[in-house]
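Following: one structure in structure tokens, then a few remarks.
Just so we're clear, the structure is a prediction, and the values are computed from it rather than from any experiment.
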Amino acid sequence: RDDADVLVAVFGDSTDMTCYLPTEHRLTRRLELLLRDAFPDHRLDVHGLAEGGDYLQRLIESGRLDRELRTLPRCDVAMIRYGLNDINKTDPQAFGIQLHAACDIILKRHPNAKIVLSTTIPPNSQPFDQQTLAVAKARNLKVIRVDELMLQRSAAGDWDWHHEPRRRIGRRRSQNPPDNPTGLKGDLHPNAYGSQMIAEYYFEQLEPIVAGLLERRPSV
């Protein structure tokens, strides 16, 4: 149904999908609630189209990207964040080509979509983040520096990867162990706190884009 004032589609891997969390704590759901709270007179929908284990080449070559886009009545904002699972699947240069191809597929299906790229969770994804930045620059696209967010928050002592079994990215509860002094090692999946942290960062970057789109749409 085409009953939303703004529709946001989020493509990525399990760190965006966060399906292991209760529904209300999942990253895309938190983003949707933040947007709806900021624009209470409008209908804002966020479609979480991220998939666990996914990587950019598979998203494109399987046809899933185009199939997902085809099911949407329209797409106002398309967010793309890959690079973690791609490390063992392709090289950075090929990843950059794939990212251009993904943008082309989105614009072919939804020509008016605003594409927002994101870097991802450090520390091993830097060569792929560089490709994301290069594609964003070449196409004049918004890019969300998730890598910088993670590094800054960790340096400030706000969060780290938990080191206990079954603990994920979230608020720091203990000192880093001697074999991991920076805290940049461990399970890459955000817990509820980490999910909210990334969702808030997404929201800060998307809020002016959504506000601009809503200027051209009537209130419900």
Side-chain angles (χ1 to χ4, degrees), residues 4-40 42-52 54 56 59 65 68-69 72 74-85 99 102-103 106 110 113-122 125 128-129 132-133 135-136 139-154 156 158-159 161 168-171 188-214:
D5 293 303
V6 173
L7 189 152
V8 179
V10 179
F11 292 94
D13 53 37
S14 58
T15 61
D16 267 323
M17 187 183 189
T18 56
C19 63
Y20 47 84
L21 294 174
T23 300
E24 293 302 300
H25 291 291
R26 294 177 186 175
L27 198 158
T28 49
R29 177 57 172 163
R30 302 309 302 173
L31 175 60
E32 183 175 68
L33 292 174
L34 288 166
L35 287 170
R36 289 181 176 181
D37 182 64
F39 303 100
H42 296 271
R43 170 72 179 271
L44 283 298
D45 285 351
V46 176
H47 289 245
L49 303 176
E51 186 172 283
D54 209 6
L56 194 52
L59 176 73
L65 175 59
E68 298 281 21
L69 292 167
L72 300 176
R74 71 173 194 278
C75 180
D76 299 299
V77 181
M79 300 182 66
I80 305 175
R81 178 161 71 88
Y82 287 91
L84 294 179
N85 297 319
L99 199 50
C103 293
I106 292 169
H110 297 286
K114 294 187 179 297
I115 299 174
V116 178
L117 306 183
S118 297
T119 56
T120 192
I121 297 170
S125 58
F128 293 84
D129 288 341
T132 298
L133 294 171
V135 172
R139 303 183 76 112
N140 194 29
L141 301 177
K142 175 76 173 178
V143 60
I144 300 177
R145 295 298 303 269
V146 171
D147 63 321
E148 289 186 347
L149 171 73
M150 295 292 188
L151 293 170
Q152 291 167 359
R153 293 291 184 91
S154 182
D158 183 44
W159 75 277
W161 279 271
R168 302 185 172 97
I169 293 173
R171 188 181 295 277
L188 299 180
H189 297 86
N191 63 11
Y193 177 79
S195 177
Q196 177 72 17
M197 179 176 71
I198 299 174
E200 289 176 355
Y201 193 54
Y202 278 179
F203 167 75
E204 291 170 5
Q205 309 299 313
L206 291 186
E207 185 180 20
I209 297 175
V210 172
L213 292 169
L214 289 174

Say you draw a straight line from [atom1] of [X] to [atom2] of [Y]; how long is it, rounded to the nearest 0.5 Å?
{"X": "Ile144", "Y": "Thr132", "atom1": "CD1", "atom2": "OG1", "answer": "11.5 Å"}
{"X": "Leu149", "Y": "Arg145", "atom1": "CG", "atom2": "CZ", "answer": "11.0 Å"}
{"X": "Arg30", "Y": "Leu33", "atom1": "CZ", "atom2": "CG", "answer": "5.5 Å"}
{"X": "Ile209", "Y": "Lys114", "atom1": "CD1", "atom2": "NZ", "answer": "7.5 Å"}
{"X": "Glu24", "Y": "Arg26", "atom1": "CD", "atom2": "CZ", "answer": "9.5 Å"}
{"X": "Asp147", "Y": "Thr120", "atom1": "CG", "atom2": "OG1", "answer": "8.5 Å"}

Student check: side-chain heavy atoms of [X] and [Y] closer than 4.5 Å:
{"X": "Leu117", "Y": "Leu99", "value": "yes"}
{"X": "Met79", "Y": "Val8", "value": "yes"}
{"X": "Ser195", "Y": "Leu21", "value": "yes"}
{"X": "Lys142", "Y": "Gln205", "value": "yes"}
{"X": "Arg36", "Y": "Asp45", "value": "yes"}
{"X": "Met197", "Y": "Pro190", "value": "no"}
{"X": "Arg81", "Y": "Val10", "value": "no"}
{"X": "Tyr82", "Y": "Phe11", "value": "yes"}

Handout entry: For Asp129, all residues meeting salt bridge (charged side-chain N to carboxylate O under 4.0 Å, His left out), sequence neighbours excluded
Key =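 Result, salt bridge (charged side-chain N to carboxylate O under 4.0 Å, His left out) vs Asp129: none returned.
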
Exercise for the section: Please name all residues satisfying salt bridge (charged side-chain N to carboxylate O under 4.0 Å, His left out) with Glu207, sequence neighbours left out, ordered by chain then number. Expected result: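 If we apply the salt bridge (charged side-chain N to carboxylate O under 4.0 Å, His left out) test to Glu207, skipping adjacent residues, there are no hits.
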
Would you name the heavy atoms of [X] and [Y] that are closest together and state the gap between them?
{"X": "Leu214", "Y": "Phe39", "value": "CD1-CD2, 3.5 Å"}
{"X": "Thr15", "Y": "Thr18", "value": "O-CG2, 3.6 Å"}
{"X": "Pro122", "Y": "Leu188", "value": "O-CD2, 4.1 Å"}
{"X": "Phe203", "Y": "Leu34", "value": "CE1-O, 3.6 Å"}
{"X": "His189", "Y": "Ser14", "value": "NE2-OG, 2.8 Å"}
{"X": "Gly83", "Y": "Ser125", "value": "O-CB, 4.3 Å"}

Practice task
Walk me through it: do Leu141 and Cys103 pass the test side chain to side chain contact (heavy atoms under 4.5 Å, CB included)?
Solution key: CA-CA 10 Å; Leu141 301 177; Cys103 293; 3.9 Å; yes

Practice task
Keeping the roles fixed (side chain from Arg139, backbone from Ile115), state whether a donor-acceptor pair exists under 3.5 Å.
Solution key: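 Side chain of Arg139 to backbone of Ile115, a donor-acceptor pair under 3.5 Å: no, none is there.
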
Practice task
Using modelled atom types only, decide if a donor and an acceptor are shared between the side chain of His42 and the backbone of Val6 within a distance under 3.5 Å.
Solution key: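 No; judged by distance alone, with no hydrogens or angles, the pair does not exist.
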
Problem - Carboxylate-amine/guanidinium contact Arg43 Asp5, below 4.0 Å - result: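 Result for this pair is no, no salt bridge flagged.
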
Handout entry: ring-ring contact (aromatic ring centres under 6.0 Å, His included) partners for Tyr202, two or more places apart
Key = none

Practice task
Under the side chain to side chain contact (heavy atoms under 4.5 Å, CB included) rule, what do Glu32 and Leu44 come out as? Steps first, then yes or no, please.
Solution key: CA-CA 7 Å; Glu32 183 175 68; Leu44 283 298; 5.7 Å; no

